[in-house]
Amino acid sequence: MSYNHVPFLIVISAPSGCGKTTLLRLLLEKKLDIAVSVSHTTRPMRKGEVSGVDYNYIDVVKFVEMQHAGEFIEHATVHNNYYGTSYAAIDTLLGHGVDVILDIDVQGMKLLKAKNNYDFVSIFIMPPSLDVLEDRLRRRNTDSNEVVAQRLINAEEEINQAHFYDYQVVNDVLDKAIIDLSAIITAERLRSFRLNNNI
Ligand code: 5GP
């Protein structure tokens, strides 16, 4: 007997400093037939980022144009920049038969839930505590005290909404968090309603 499942979306959200980027990188290295959707954004490209890989970088005019044309399944303003997931980005990947990770914020997850036109599972990445998060943000040493303080306020607001998600994974020990994420994905792939059983 072999199992295969209908591909679905995996929404992953985390406050800044929770280690989401590292978690996603390690998860992808496990080659689980997962792809990450590439969002559109109006924020400037950061050093080391690659256009079309990290984001599709567009200006505000183009973003609003796409928004009016109904090209985004969800979009949000984060830290004064626009971000959006296009239908094209996810449909192409789902069409390849892989499960698709959406690295989006809480606003985006809620919009997706309200639209209810895609099968998705949502996972919120938790820091071990706010103290640990503050420590991680300060140790990054890339942001001023004001920015760190603002990120902590935002983090608290997002953590207060974690209960809207199907799952919460604490990123304390990286290896354990990866095991938890992989277990969620495996279990969700085995949900009866997603299976095409060829017995
Ligand atoms: P960054 O600019 O640091 O890459 O991302 C900032 C925030 O925007 C993160 O929380 C990230 O999850 C979120 N984000 C990235 N792409 C999208 C998107 O397409 N839609 C929404 N709603 N949030 C996004």
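First listed ligand is number 1; within each ligand, the first listed atom is number 1.
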Check: Would you call Val11 and Val121 a side-chain contact if the rule is heavy atoms closer than 4.5 Å?
Finding: no
Margin query: Taking the ring centre of each residue, are Tyr83 and Tyr55 less than 6.0 Å apart?
Written below: yes
Notebook entry, point to check: Is it true that Asp172 and Lys176 make a salt bridge, defined as a side-chain N closer than 4.0 Å to a carboxylate O?
Noted result: no
Check: Should we count OH of Tyr82 as having more than 12 external heavy atoms under 6.0 Å?
Finding: no
Checklist line | Nearest-contact summary for atom 19 (O) of ligand 1 - protein heavy atom, Å | finding: Ser39 OG, 2.7 Å
Item checked: Positive for side-chain contact (heavy atoms from CB on, under 4.5 Å) with Leu181, one of Leu32, Ile123, Leu26, Ile10 -> Ile123
Notebook entry, point to check: Looking only at N/O atoms, are Glu49 and ligand 1 under 3.5 Å apart anywhere?
Noted result: no
Item checked: For Pro127, the option from Ile159, Asn171, Leu137 that meets side-chain contact (heavy atoms from CB on, under 4.5 Å) -> Ile159
Checklist line | Residue and atom name of the nearest protein heavy atom (relative to atom 3 (O) of ligand 1), distance in Å to one decimal | finding: Arg46 NH2, 3.1 Å
Note to self: On a heavy-atom basis, I'd like to know which of Arg43, Glu74, His75, Met109 is closest to atom 18 (C) of ligand 1.
What the structure shows: Glu74
Next item on the list: Considering only NZ, NE, NH1 and NH2 on the basic side and carboxylate oxygens on the acidic side, decide whether Lys115 and Glu74 come within less than 4.0 Å.
Entry: no
Item checked: Ring centre gap for Phe8 and Tyr118 strictly below 6.0 Å -> no
Notebook entry, point to check: If you measure from atom 8 (O) of ligand 1 to every heavy atom of Val78, Ile104, Thr85, which option wins on shortest distance?
Noted result: Val78
Notebook entry, point to check: In the protein, what heavy atom is nearest to atom 1 (P) of ligand 1, and what distance, to one decimal place, separates them?
Noted result: Tyr55 OH, 3.4 Å
Check: Any idea which protein heavy atom is nearest atom 23 (N) of ligand 1, and the distance to it?
Finding: Asp105 N, 3.2 Å
Margin query: At less than 4.0 angstrom from any non-hydrogen atom of Ala76, what atoms of ligand 1 do you find?
Written below: 22 (N)
Note to self: For atom 6 (C) of ligand 1, what is the closest protein heavy atom, and at what distance to 0.1 Å?
What the structure shows: Tyr83 OH, 3.7 Å
Margin query: Quick test: of every protein heavy atom, which one is nearest to atom 9 (C) of ligand 1, and how far off is it to 0.1 Å?
Written below: Lys20 NZ, 4.1 Å
Margin query: Taking 4.0 angstrom as the limit and counting only heavy atoms of Gly108, give me the atoms of ligand 1 inside it, by number and element.
Written below: 22 (N)
Item checked: Ligand-side contact atoms (ligand 1) for residue partner Gly84, heavy atom cut-off under 4.0 Å -> 18 (C), 19 (O)
Notebook entry, point to check: When you measure from atom 11 (C) of ligand 1 to every protein heavy atom, which one gives the shortest distance, and what is it?
Noted result: Asp103 OD1, 3.6 Å
Check: Cut-off 3.5 Å, side chains only: do Asn154 and Glu158 have a donor facing an acceptor?
Finding: no
